[in-house]
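Working notes, structure below.
The chains referred to below are lettered A, B, ... by the order of the sequence lines, with proteins before strands, and numbering in each begins at 1.
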2 protein chains.
Amino acid sequence: MNHFLTKQRAILKVCLISLIERKKMYGLQYLKELKETFKPYGYVPKHSEIYKALHELTAEGIIYRIKKRRCPDREGFQEIIIYQFTEDGLEKGRVYKQMVRSDLERSLGIIRKVLKDNY
Amino acid sequence: MNHFLTKQRAILKVCLISLIERKKMYGLQYLKELKETFKPYGYVPKHSEIYKALHELTAEGIIYRIKKRRCPDREGFQEIIIYQFTEDGLEKGRVYKQMVRSDLERSLGIIRKVLKDNY
DNA sequence: AAATGAACACCCTGTTCATTG
DNA sequence: CAATGAACAGGGTGTTCATTT
């Protein structure tokens, strides 16, 4: 409550939680999905941010890492890291999302206010 | 078009342009107004940001500075700086505001998208 | 080349300090 | 103490580099 608009990191974490709820993927796949999601808005998330967000969610005990080797395609055995909810991760994730939600609505309020007052 | 949500600085500059359109004031008065404006949203602008925004608008030739001494109240002769539009400042200001406007709408789109997709 | 991660640098913003009246 | 401003510090984000397969 002591800052301006919602931070990118928080938004990415919310998006990642939702994505993990739906399908287990690995880092760069999430990146690709999110790039598609935000392409219409001229926002292109970077791979380092995705990783940092995933690492934070891991450190917070919401998800955990599973190392795997990709099915032996033509491309060889690439090591990837799949993310899964911990025991109470789903619940913790919901709580986190709710926190960010109110911050998003606050941000929405700020932007609407600016648009209303200045245009 | 290569970033995330609209930056604080840009929003403050837009607000300041609008305020200068209405009434000539000095830095800390703008600060006080803007604190009031955004109080309901838990956002408290800082004095240094206001000054930086005013300095940028000055450097961009949108406004210029007039040094004055405040009417001799009980408090003595405080030196203040009033801001005024330059010759083409009003027009330039409008152009700047329009630029930020589209960025604000882009940001609005991002936040709405996140709220829609994740909740 | 794909995937992960760390290191580094840059930019934005907040806190603090300085000066003047 | 009010007003302005600069200097400095911290945090968030992007770019680059390193490692592995």
Any [X] side-chain nitrogen or oxygen under 4.0 Å from OP1 or OP2 of [N]:
X     : N      : value
A:Q8  : D:dG14 : yes
A:Y51 : C:dT4  : yes
A:R65 : C:dA3  : no

Rounded to whole angstrom units, what separation is found between the [atom1] atom of [X] and the [atom2] atom of [N]?
X     : N      : atom1 : atom2 : value
A:L57 : C:dG5  : CG    : P     : 13 Å
A:K67 : D:dT21 : NZ    : P     : 10 Å
A:I82 : C:dA2  : CD1   : C1'   : 14 Å
B:K7  : C:dC10 : NZ    : P     : 17 Å
B:F4  : C:dT13 : CZ    : C1'   : 17 Å
A:E56 : C:dT4  : CD    : P     : 18 Å
B:I81 : D:dG5  : CD1   : C1'   : 9 Å
A:L5  : D:dT13 : CG    : C1'   : 15 Å

With sequence neighbours left out, the residues meeting side-chain contact (heavy atoms from CB on, under 4.5 Å) with A:K116 are none
Considering only side-chain heavy atoms of A:R9, which listed nucleotide, D:dT4, D:dT13, C:dG14, is closest?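 Out of D:dT4, D:dT13, C:dG14, the nucleotide with an atom closest to A:R9's side chain is D:dT13.
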Nearest to the A:H55 side chain among D:dG5, C:dG5, C:dA3, which nucleotide is it? C:dG5
Do you see a donor-acceptor pair shorter than 3.5 Å between the side chains of B:Y43 and B:Q8?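 Indeed, the side chains of B:Y43 and B:Q8 share at least one donor-acceptor pair under 3.5 Å.
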State, without any angle test, whether A:E60 and A:Y96 hold a side-chain donor-acceptor pair at a distance under 3.5 Å.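 Absent: no donor and acceptor within the cut-off.
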Mind checking salt bridge (Lys or Arg N to Asp or Glu O under 4.0 Å) for [X] and listing every partner two or more places apart, or none if nothing turns up?
X      : result
A:R101 : A:E105
B:K23  : B:E33
B:E36  : B:K39
B:R9   : B:E49, B:E56

Under 3.5 Å, which protein N or O atoms sit close to an N or O of nucleotides 15-20 of chain C? Give each pair with its distance.
unit_1, atom_1, unit_2, atom_2, d
C:dT15, O4, B:S48, OG, 3.4

Write out all pairs satisfying ring pair (Phe, Tyr, Trp, His ring centres under 6.0 Å) with one or both partners inside residues 48-69 of chain B, taking only residues at least two apart or from two chains. B:H47-B:Y51
Five-pair end axes of the helix from C:dA1-D:dT21 to C:dG21-D:dC1, angle between them (10°):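 Comparing the axis at each end, I get an angle of 30°.
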Does A:K97 have any side chain to side chain donor-acceptor pair (under 3.5 Å) partners at least two apart in sequence or in another chain, and if so, which?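 Applying side chain to side chain donor-acceptor pair (under 3.5 Å) to A:K97 gives A:S18.
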